[in-house]
Amino acid sequence: MENKKTRVRFAPSPTGHLHIGGARTALFNYLFARKYDGTFILRIEDTDELRSTKESVESIFDSMRWLGLVWDEGAMPDMSEKGEFGPYVQSRREAVGIYREYAEKLIKEGFAYRCYCTPEELDESRKKALAEKRLPKYEGLCRHLAPGQAEKYEKEGRKPVIRFKMPDDGFTGWNDLIHKELKFDNKLLYDFVMLKAGGYPTYNFACVIDDHLMQISHVIRGDDHISNTPLQINLYKALGWEMPEFAHLSMILGPDGTRLSKRHGATSVQEYKKLGYLPDTVKNYLALLGWSNPESQQIFAEGELEEKFNLDGCQKSPATFDNVKLQWMNGEYIRKISREKLYEFALPYLQEAGLDLSAAKADVKDLVYMEFEKYKLLSDIPGRLEMFFKEEPAYDPKAMEDVLKKPETDKILSGIAAAYRELPDFSEKSIEEATRVFAKANGYKNGQVFHPVRVAVSGRAQGPTLFKMIEYLSRETAVKRINKTLDMIRTANGEKSK
RNA sequence: GCCCUCAUCGUCUAGUGGCCUAGGACGCUGCCCUUUCAAGGCAGAGAUCAGGGGUUCGAAUCCCCUUGAGGGCGCCA
């Protein structure tokens, strides 16, 4: 690309959990850095004093680490700083006067000015402009204050903001790495606030100062920042600084085509974790939202995304988030991990479900692994395994009714119970053999026997492979449950004949 | 209201003037495998490339208009 070192950043504002859109931006920055052997930086933009919280910072750290998006430089989870361009938290940068210094410099050079308009006044003029169908932008009232006016305002106690003096004519454009040529008429741009009355910088100001000072080479961010870019470019020009490259990623929409939000369900990385998605799934799926390679590859092995990612494969149009495909992908990843790993991932969900793991008669790892190819979500696991941890299974009324009403069930189940009781060795293999022998000897088709046994033992019509399930359940439990079902049949028949 | 952006199967997308009778993936349908459910294998339906004009021997690909969707117009980021 160029001989300058590749340095990119993810710069979230800590006003909540890491959103899916933010995670995607972080991921693309991370992949870009890895691909070009660059540096991935994490900067915290906490200049919204009202909404920024420490908890949000921690949550963002957690989510990023969960996704495996390790950063080389920036604010660290233990609140330390890593790298030579710190501090990496904007409130800390403000504290040492970085932003004020550049704001004063711009005033001195005539690129900025103090503005004493109150929020109420601004609000009013905005409303008026809208009503008169004019552009609702700041008109630059304080650009030329009458002599002595500023002092008067100061005496009244008004706290000024510092605004950037936007050029009145000409155009501001750039060559976006994703959108190509982009151009704005400067007449539409406005004198944005650089420093708030409280002294904190605004986003557009802090972003430029920090990106420059941190020697960011590529700014990769969401589409929603396209209209901020011309503002920032004019700032770069006034400061006489070289601009980074810009790449604007398309948005992520909910299933109804509107911007992904709370009403679409889960929107934060944390929620997806809780729902039972594997981090690799989320990472892989997010990569495919707005990026693809010419082979239309779907599943990427470890390290493969880092190798194959590029900005050329990025989509200009917004992408709709598809939970169905996400679930499919999670199943793919679950099928790929080892028995040990799967158990590790499943454990919190089993505990969350309140299952007494010591109550099982088999190794819990075996139980979890038995149906591994069916799981779509880790949170599916407790429900499927419940029968192994409880005295009685949850009986599915429909399955029970189907089995109970078959005339032969009584005979079949008592025969099977007797056979199981007498088995010298209670293993999957011997159980299967005994069951098949019983069916054959009594002239039943396999399914005629297997199905009622399954329901009697598990309470359900569907489940794990039958004989392994019975082995894991143990002889006592299996026989006990079959007997219990026989009781239910007799009760039902007794009531019927009355 | 003004500005900006975007537009290929339901969804994610391939495609950069002839290889496109538009390819892949998810989902859907059917068949096979099978003790159930899955998984797997095979087959299939599904897009007049938003609509309308051009340019060209030839357009999903280039140009214009229309429409629709999204973003922005904050002392939020």
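A note on names: the letters A, B, ... follow the listed sequences, proteins ahead of strands, and every chain is numbered from 1.
- Using a 4.0 Å heavy-atom cutoff across all strands shown, A:L326 reaches no nucleic acid atom at all.
- B:rC33 and B:rC42: their P atoms are spaced 15 Å apart (whole Å).
- Legend: residues meeting side chain to side chain contact (heavy atoms under 4.5 Å, CB included) with A:E304, ordered by chain and number and at least two apart, are A:Q297, A:F300, A:A301, A:K308.
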Original post:
How does each nucleotide of nucleotides 68-77 of chain B score, in 5' to 3' order, for protein heavy atoms under 4.0 Å: base (B), sugar-phosphate only (S), or none (-)?
Top reply: --SSSBSBBB
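- Environment of NZ in A:K237: crowded, with over 12 heavy atoms of neighbouring residues, nucleotides or ligands closer than 6.0 Å.
- For B:rU5, the paired nucleotide is B:rA69, the pair qualifying as Watson-Crick or G-U wobble because both relevant distances are below 3.5 Å.
- Judged by Watson-Crick or G-U wobble contacts below 3.5 Å, the nucleotide B:rC42 has B:rG30 as its partner.
- Checking B:rC37 for Watson-Crick or G-U wobble geometry (two distances, each under 3.5 Å) identifies no partner in any strand.
- Straight-line distance from the CG atom of A:L249 to the P atom of B:rC12: 16 Å, rounded to whole Å.
- As rounded to whole Å, 12 Å separates atom C1' of B:rU11 from atom CD of A:Q298.
- In terms of the side chain to side chain contact (heavy atoms under 4.5 Å, CB included) criterion, residue partners of A:A399 (sequence neighbours excluded) are, by chain and number, A:D396, A:V455, A:A461.
- In this structure, CG of A:N293 is placed 12 Å from C1' of B:rA25, rounded to the nearest angstrom.
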Please list, one pair per line, the donor and acceptor atoms closer than 3.5 Å that link side chains of residues 12-20 of chain A to other protein atoms, with sequence neighbours excluded.
| residue | atom | partner | partner atom | Å |
| --- | --- | --- | --- | --- |
| A:H17 | ND1 | A:S59 | OG | 2.6 |
| A:H17 | NE2 | A:Q270 | OE1 | 3.4 |
| A:H19 | ND1 | A:G21 | N | 3.1 |

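- Rounded to whole Å, atom C1' of B:rA25 lies 13 Å from atom CD of A:E295.
- Taking the C1' atoms as reference points, B:rG40 lies 42 Å from B:rA59, given to the whole Å.
- OP1 or OP2 of B:rU11 has not a single side-chain nitrogen or oxygen of A:T320 nearer than 4.0 Å.
- Taking atom P in both B:rC9 and B:rG1, the straight-line distance is 28 Å, to the nearest Å.
- Considering only side-chain N and O atoms, A:S292 lies under 4.0 angstrom from the phosphate OP1 or OP2 of B:rA14.
- If you take atom P in B:rC6 and the same atom in B:rC65, they sit 15 Å apart, rounded to whole Å.
- Checked against salt bridge (charged side-chain N to carboxylate O under 4.0 Å, His left out), A:E432 has the following partners two or more places apart in sequence or in another chain: A:R436.
- B:rA38 and B:rU29 have their P atoms separated by 11 Å, with the value rounded to a whole Å.
- Under the Watson-Crick or G-U wobble criterion, with both distances below 3.5 Å, B:rC49 has no partner in any strand shown.
- Using modelled atom types and a 3.5 Å distance limit, the side chains of A:T267 and A:K262 yield a donor-acceptor pair.
- One C1' atom belongs to B:rG53, the other to B:rC20, and the distance between them is 24 Å to the nearest Å.
- Side chains of A:T281 and A:N330: a donor on one and an acceptor on the other come within 3.5 Å.
- Separating the NZ atom of A:K187 from the P atom of B:rC2 is a distance of 17 Å, rounded to the nearest angstrom.
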**OP:** List the protein contact pattern of nucleotides 29-49 of chain B with one symbol per nucleotide (5' to 3'): B for base contact, S for sugar-phosphate-only contact, - for none; contact means a heavy-atom distance under 4.0 Å.
**Re:** ------BBBBSS---------
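- Counted within 6.0 Å of CD on A:E373, heavy atoms from surrounding residues, nucleotides or ligands total more than 12; the atom is thus considered enclosed.
- Between B:rA60 and B:rG52, the two P atoms lie 13 Å apart (nearest whole Å).
- Taking the P atom of each, B:rA69 and B:rU55 are spaced 32 Å apart, rounded to whole Å.
- We find that CH2 of A:W291 is positioned 10 Å from P of B:rA14, with the value rounded to whole Å.
- Residue A:G222 is classed as having no contact, given no heavy-atom separation below 4.0 Å to the nucleic acid.
- Ring-plane geometry between A:F184 and A:W174 is classed as parallel, the angle between the planes falling under 30 degrees on a 0 to 90 degree scale with a further cut at 60.
- B:rG10 atom P lies 15 Å from atom NZ of A:K325, rounded to whole Å.
- A side-chain N or O of A:D46 and one of A:S91 form a donor-acceptor pair less than 3.5 Å apart.
- Following rounding to the nearest Å, A:K316 (NZ) and B:rA14 (C1') show an atom-to-atom distance of 15 Å.
- In this structure B:rA60 sits in no base pair that meets the Watson-Crick or G-U test at under 3.5 Å.
- Salt bridge absent: A:D402 and A:K406 never bring a charged side-chain N and a carboxylate O closer than 4.0 Å.
- Residue contacts for A:Q315: at a heavy-atom cut-off of 4.0 Å it reaches the sugar-phosphate backbone alone, with no base atom in range.
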